Amino acid sequence: MAALDPARALYVQQAYRYAEVSNVALKSIASDIVAYKIDTQLSEADAAALAADIFAVTGKATRSYDIEIEGLVKPSDLDGYVPTYLLYSDRLGLDGLLTRAETIKPQLLTGTTKLTVRG
């Protein structure tokens, strides 16, 4: 059995343990940033990896766009993943901006889908 590291011993004695990742530059320009807190039974390494994954997706300045596309996007079309879209707009200066869908609202009467995407 490996020797107990004193830093690890102190860590596991704490009632609550947090893995935290932050971006000071982003906090300085956006004071209303939301902190994500996820209670898990993960090990320290797995919690740090999860925090890094979440930060990679949410830890940067992004914008939301409301768009409407032809056709109906149904839950069965998603197949368990969040769809991504490339946005092109000369007016907005977008040249293939990769975005992820936040809301999907099929419009049954018009046969279109209204999306809110972030990227």
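Owing to the predicted nature of the structure, the values given are computational and were not obtained by experimental measurement.
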According to the salt bridge (charged side-chain N to carboxylate O under 4.0 Å, His left out) rule, which pairs have a member within residues 68-78, sequence neighbours left out?
Lys74-Asp77
For Val82 versus Ala101, what's the shortest heavy-atom pair and its separation?
CG1-O, 3.3 Å
Residue pairs meeting salt bridge (charged side-chain N to carboxylate O under 4.0 Å, His left out), one or both in residues 80-92, sequence neighbours left out, come to none
Does Asp66 have any side chain to side chain contact (heavy atoms under 4.5 Å, CB included) partners at least two apart in sequence or in another chain, and if so, which?
Thr116
Salt bridge (charged side-chain N to carboxylate O under 4.0 Å, His left out) contacts touching residues 103-119 (sequence neighbours left out):
Glu102-Arg118
Restricting to side-chain hydrogen bond (donor to acceptor under 3.5 Å, both in side chains), what partner residues turn up for Asp53, sequence neighbours left out?
none
Who else is in Leu92's hydrophobic cluster (ILVMFWY, side-chain heavy atoms under 4.5 Å, direct or via others)?
Tyr65, Ile67, Ile69, Val73, Leu78, Tyr85, Leu87, Leu94, Leu97, Ile104, Leu115, Val117
Among Ile, Leu, Val, Met, Phe, Trp and Tyr joined by side-chain contacts under 4.5 Å, find the other residues sharing a cluster with Leu98 and list them by chain and number.
Leu86, Tyr88
